[in-house]
Amino acid sequence: MDTDTYAEKIENGSSLNSVNSIQNFKSRFHIPKAPNGSDVIYLTGNSLGLQPENTRKYIEEELDDWASLGVEGHLHARHPWLPYHEFVTEPMARVVGALPRETVVMNSLTVNLHLMMVSFYRPGVKRRKIVIEKGAFPSDQYAVESQVKFHRVSEPGAVATGFLSSDTKNLAAFAPNPDLIQLAPREGETTLRTEDIIETIERYGDEIALVMMGGVNYYTGQAFDMKAITEAGHRVGAMVGFDLAHAAGNLELRLHDWDVDFAVWCSYKYLNAGPGGIAAAFVHERHARSFGLPRFAGWWGHNKQTRFLMGPDFDPIPGAEGWQLSNPPIFQLAALRASLEIFDDAGMANLRSGSVELTGHLEKQLKEIENDRISIITPSDPTQRGCQLSIRVRDADKTLFEAIAARGVIADWREPDVIRVAPVPLYNDLTDVFRFTEILRDSL
Ligand SMILES: *Cc1c(COP(=O)(O)O)cnc(C)c1O
């Protein structure tokens with residue numbers, strides 16, 4: 001298809017209804033401007049989502065209430081601070097397909113991953129391995145590896161196994177961590193096959209304590225079959241958790257129905273709650289009253305009726321709220337409210353269908369460029385990806401990325417050789433996709 005007919009198609013909107021039906025939401029976001037005053041082509045909502053229009057207003061309301069009420073704001077602010085995190089529980093639960101009592105907004109992502117692993121990674125003598133994707137996001141790798149080490153050092157004789165040396169420089173000299181099973185693509189392939197993930201889980205069987213993977217891999221953009229992985233993990237008696245940093249607000253999730261044990265995610269990527277925004281956690285309701293599990297406790301996880309009696313004994317709230325530590329950051333929650341109200345207006349099902357279409361158009365146009373300097377490593381099956389496409393650049397030639405950046409495209413470069421682009425259905429449209437591919441074609 002030549003570009004003129006494509007441009008016409010965008011103009012008259014034929015067969016693009018679902019993309020068009022969600023374009024309205026663009027006006028509810030601030031779109032950054034290029035130096036020449038036009039909107040940038042923003043394709044990094046997978047890294048930092050854009051600012052909703054109401055964010056400033058909601059944060060300012062809290063600043064005003066703090067100024068005029070001081071501590072009284074805990075009870076008398078327009079949105080009282082004491083129960084403030086509850087204002088986002090239900091909308092957040094809707095985004096990930098969870099029950100409200102399975103969902104809590106708190107802390108930051110990696111903190112929540114550690115808290116969940118404290119409770120749900122319980123290595124025994126035989127059942128002690130963790131299944132993770134090779135090439136998982138570094139923070140997840142560090143968190144998982146440090147949890148394994150943490151449990152090892154607590155065991156008598158563990159240090160003798162060697163790999164536990166406290167001198168991390170020596171670590172590489174030892175065998176790879178025997179308690180980590182790292183899923184890698186087949187030779188010559190860039191993404192994992194579900195059948196291979198399941199086969200690995202079955203092969204290690206009762207040696208696996210925990211399966212802990214991303215919902216969508218940050219690098220390749222591959223979305224995993226969380227339902228099938230959870231079933232496979234449970235069949236061998238393991239716990240199953242997911243890091244949904246790149247999945248929440250991107251895919252339609254059914255955490256409750258899929259029977260996932262726990263999940264964690266951040267809110268600053270697809271959920272548009274601002275840099276360093278507050279994160280969330282899911283704990284399946286079957287664990288709501290698992291008070292026998294170890295957990296790191298804090299006063300905000302304590303029974304709300306008796307919290308302010310300041311007694312010495314921890315009485316956890318049943319459900320995900322029982323994992324809270326601290327009284328929550330109100331400004332961050334205010335920002336999250338502004339974003340989640342847009343998600344409620346749009347609906348995840350609607351967003352997802354628009355997203356499949358938008359990314360489908362991007363893929364189609366990229367394939368039409370037919371230049372062997374670039375190739376897409378993200379699966380082309382829409383059920384195996386969210387909105388992101390990862391474009392591998394031949395010879396790791398970063399000048400291509402620099403060239404598109406100079407022309408107003410905000411994408412990102414991930415070492416060694418990938419440009420990630422994520423058209424987000426809330427605020428990207430076909431015009432962005434079209435302008436991006438034009439610029440890329442020119443730059444090639
Ligand atoms: C973005 C991201 C993180 C970042 O962790 P923070 O604790 O929010 O800094 C961690 N894991 C994954 C998979 C991510 O995509």
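If you read the sequence from its start, that first residue is 1, and numbering goes on from there. Ligands are counted one by one from 1 in listed order, and the atoms in each one are counted from 1 as well.
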Can His151 and Arg128 be said to form a side-chain hydrogen bond (donor to acceptor under 3.5 Å, both in side chains), step by step?
CA-CA 10 Å; His151 285 281; Arg128 50 184 312 117; over 6 Å; no

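At the shortest separation from atom 7 (O) of ligand 1 among protein heavy atoms lies Thr110 OG1, 2.6 Å. Protein heavy atom at the shortest distance from atom 9 (O) of ligand 1 is Tyr268 OH, 3.7 Å.
Taking Trp300 as the reference, nothing meets the side-chain hydrogen bond (donor to acceptor under 3.5 Å, both in side chains) condition, with sequence neighbours excluded. Qualifying side-chain contact (heavy atoms from CB on, under 4.5 Å) partners for Ser339, counting only residues two or more places apart in sequence or in other chains: Pro52, Asn272, Phe343.
Inclusion of Ser108 in the set of residues having an N or O under 3.5 Å from an N or O of ligand 1 is not warranted. Ligand 1 has no N or O atom lying under 3.5 Å from any N or O atom of Ser139, backbone or side chain.
Looking at Leu109 against ligand 1, both its backbone and its side chain come within 4.0 Å, counting heavy atoms.
Under the 30°/60° scheme for interplanar angles, the aromatic rings of His246 and Tyr218 are found to be tilted. Between Phe120 and Phe262, the two ring planes are parallel [angle under 30°; tilted spans 30° to 60°]. Taking the six-membered ring where tryptophan is involved, the planes of Phe314 and His302 are tilted, since the angle between them lies from 30° to 60°.
Every atom of ligand 1 is numbered from 1 in the order shown, and the set under 4.0 Å from a heavy atom of Asp243 is 11 (N), 12 (C), 13 (C). Near Lys269, meaning under 4.0 Å from one of its heavy atoms, ligand 1 places the atoms 1 (C), 2 (C), 3 (C), 14 (C), 15 (O). In summary, the atoms of ligand 1 found under 4.0 Å from a heavy atom of Asp140, numbered by their order in the structure, are 10 (C), 11 (N), 12 (C), 13 (C). Annotation for ligand 1: atoms under 4.0 Å from non-hydrogen atoms of His246 are 15 (O).
Using a distance-only test at 3.5 Å, with no hydrogens or angles considered, no donor-acceptor pair links the side chain of Asp397 to the main chain of Arg394.
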